**Q** 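Here's a structure for you.
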Amino acid sequence: MSERKVRVRFAPSPTGPLHMGGVRTALYNYLFAKQHNGDFLLRIEDTDQTRLVPGAEEYIINSLKWCGMSPDEGQSVGGDYGPYKQSERKHLYKQYADQLINSGHAYYAFDTAEDLDRVRLMAKKAGTANWQYNNVTREQMKNSLTLPAEETAAKLAAGEPYVIRIKLPRNEEVKFEDMIRGWVSVNTNNMDDKVLFKSDGMPTYHLANIVDDHLMNISHVIRGEEWLPSAPLHILMYRYFGWEGTRPTFAHLPLLLKPDGNGKLSKRDGDRLGFPVFPLQWTDPETGAISSGYKEQGYFAEAFVNMLAFLGWNPGTEQEIFSMNELIESFNIERVNKAGAKYDHDKTKWFNQQYLRAKSNEELTELLMPMLAEQNISSTKEYSSQVIELVKERAYFVADIITEGLYMFEAPTEYDEKTLQKKWNSEAREHVSNLISRFSDLSDFSSSSIEACFSSYLAEKETGFGKVGPGFRLAVTGKGMGPSMFEICAILGKEETISRMQMALEKLPV
RNA sequence: GGCCCCUUCGUCUAUCGGUUAGGACGCCAGGUUUUCAUCCUGGAAAGAGGAGUUCGAUUCUCCUAGGGGCUGCCA
């Protein structure tokens, strides 16, 4: 049973940007494939031509790429089972729908959309629950089951629009084993005769999905829980097609939920709650509205992926930081939780911080240099690296190094108001002035040397750090808090430090 | 409404019948720090409720409640 090569697919619909829930589904597919030396495919499910959004397909591909989950096969990469976009496979599906009609498992239905609307409306008015086209109501509808054969033939010959619906049996228990949920069972009386083939000549998800998974030799279907209710339908379809022997194993993933309130995480929650829901920034092609992305917000792809992996799965150990390779090794689909998980943005930030700290100063320098250039801040790699070492511990994002330590690159242009009022007085000015001359005499302007000089000054004046420190910091950095002043000054250098102190004395009268 | 799935600290979760119910995020307190951040130490914080099975249930079964999903010629 386990000789079959693992082949999984991520099959998004290009109706908009892929959100983080979708990315996690892709991730679990990817991890499962890689740990079994299998294939990870990307198939674009664009059977609903009315909902296509320009740029969405490209966005999906770019998102997977950013996350480090390149498909082995699929749209944009090719492979032996292409094409990998359903609209390009359109010609394939009709024959399979016909096969089901011929075997008595499907039928033509001629009810128009308006007919159905009317019936549903009437049912609603009559106070009955949602009307369904099922093994009871189909008797009252216009289809090849109720119409005389000649009339059906005539309608088809006349080119009258029709759909093909599956014909579900009455009162049959459909059971299947889900890798995550165990046995799931549904009675066909609670299911409806889903449309398999639409009047526009395109298959619906249900048909295209089953046909393609079969044709592409998919071994495991790992998808979101929203598909669980239609899984029994799919099970039945595999049976009716005679493909039960190679039917993929199913795994339905728990959903990602809103951090507050109820419901699944949706595209709107990001703006409402102040965090991105998309991996990459997205510009709506129609409205021009911009939705922020994790990448643009400064998250490392590894941190984003690590966070997503832990939303619904854990290794059972206390390790939380996992590289993609470690995830591939440790992932176990049977350890995926059943219940939905609320997204926690604080935890995401924490993950990013962990990754930031794990990076070497060299790596961070490479990331920082272009950001500095963008802001027209000139600096050498060597100098930047020193600043990184200094402020790294207080940063969550690479950009924080600039916002936290801007004064390391540029002399302050403004001074913290609160510190100014509380700590800047004639005494503080006096100390700064005195320190200027002390510093001028220093030949060794290292952190320890500055500290020694500073300490002896305090001793001499018989005063404490609290009397001198804040004004000193304000003069040099413009801030009321920050890293060690001695290290700041050592990195800035003697000349710059003294010049800033002099500037403060000029600009900040008491 | 119907059907299906789910239910341990605020959040993500560990526990595969016997534990002082563990960890992480966040929060609080103390320590370190001239300051802030970091870091260290400590703390508060959970088995939805009710039956049953069992010597013993967070763990197994059932019921109730709550949450989620689906209920389209959308995926």
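On a predicted model such as this, the values are computed, not experimentally measured, just so you know. First the proteins, then the strands, lettered A, B, ... as listed; each starts at 1.
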**Q** Once you round it to whole Å, what is the distance between P of B:G2 and OH of A:Y133?
**A**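 The answer, rounded to whole Å, is 25 Å.
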**Q** Whether A:K359 engages the ring of A:F300 as a cation-pi pair (distance to the six-membered ring centre under 6.0 angstrom, angle to the ring normal within 45°) should be assessed.
**A**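 Yes; both conditions hold, so A:K359 lies above the ring face of A:F300.
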**Q** Mind calculating the distance between CG (A:N337) and P (B:U11) to the nearest angstrom?
**A**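 Going from A:N337 (CG) to B:U11 (P), I get 14 Å.
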**Q** Between A:Y355 and A:N306, does any side-chain donor sit less than 3.5 Å from a side-chain acceptor?
**A** yes
**Q** Would you tell me whether A:Q86 and A:D212 have side-chain atoms, one donor and one acceptor, within less than 3.5 Å of each other?
**A** yes
**Q** Measure CD/A:E393 against P/B:C40 and give the value in whole Å, please.
**A**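 Value for this atom pair: 10 Å.
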**Q** Using 30° and 60° as the class boundaries, would you call the ring planes of A:F454 and A:Y457 parallel, tilted or perpendicular?
**A** tilted
**Q** Give one of base, sugar-phosphate or nothing for A:V163, where a contact means two heavy atoms less than 4.0 Å apart.
**A** base
**Q** Establish whether the base of B:C73 is bridged to the side chain of A:S199 by a donor-acceptor pair shorter than 3.5 Å.
**A** yes
**Q** Applying side chain to side chain donor-acceptor pair (under 3.5 Å), name anything that partners A:R43, two or more places apart in sequence or on another chain.
**A** A:E45, A:D213
**Q** Describe the nucleic acid contact of A:E404 in one word from base, sugar-phosphate, nothing, applying a heavy-atom distance below 4.0 Å.
**A**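 It contacts nothing in the nucleic acid.
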**Q** How close or far is atom P of B:G26 from atom CG of A:L273, stated in whole angstroms?
**A**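 In whole Å, B:G26 P and A:L273 CG are 18 Å from each other.
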**Q** Nearest 0.5 Å, what's the CZ-CZ distance between A:R223 and A:R9?
**A**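 Here the interatomic distance stands at 6.0 Å.
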**Q** Base, sugar-phosphate, or nothing for A:A341, non-hydrogen atoms under 4.0 angstrom?
**A**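 Sugar-phosphate only.
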**Q** Just to verify, what does A:R239 make a salt bridge (charged side-chain N to carboxylate O under 4.0 Å, His left out) with, not counting sequence neighbours?
**A**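 For A:R239, the residues satisfying salt bridge (charged side-chain N to carboxylate O under 4.0 Å, His left out) (neighbours in sequence not counted) are A:E172, A:E244.
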**Q** Between C1' on B:C73 and CG on A:N143, what's the gap in Å once rounded to a whole number?
**A**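 Interatomic distance, CG of A:N143 to C1' of B:C73: 15 Å.
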**Q** Would you kindly give the NE2-to-C1' distance between A:H252 and B:G68, to the nearest whole Å?
**A** 15 Å
**Q** What is the separation between atom CG on A:L253 and atom C1' on B:C5, rounded to the nearest whole Å?
**A**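 The distance from CG of A:L253 to C1' of B:C5 comes to 13 Å, rounded to the nearest Å.
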**Q** Can you check the A:H206 NE2 to B:G72 C1' distance for me, whole Å?
**A** 9 Å
**Q** Between B:C12 and B:G52, how far apart are the C1' atoms? Round to whole Å, please.
**A**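 Roughly 32 Å separates the two C1' atoms.
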**Q** Roughly how many Å apart are B:C39 and B:U32, using the C1' atom of each and rounding to a whole number?
**A** 8 Å
**Q** OP1 or OP2 of B:G2 less than 4.0 angstrom from a side-chain nitrogen or oxygen of A:N190, does that happen here?
**A** no
**Q** Any residue in residues 462-477 of chain A with a heavy atom nearer than 4.0 angstrom to RNA chain B? Just list them by number, or reply none.
**A**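 Contacts with RNA chain B under 4.0 Å: A:F465, A:G469, A:R473.
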**Q** Report yes if a donor N or O on one partner sits less than 3.5 Å from an acceptor N or O on the other, where the partners are the side chain of A:R51 and the base of B:C74; otherwise report no.
**A**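 Yes.
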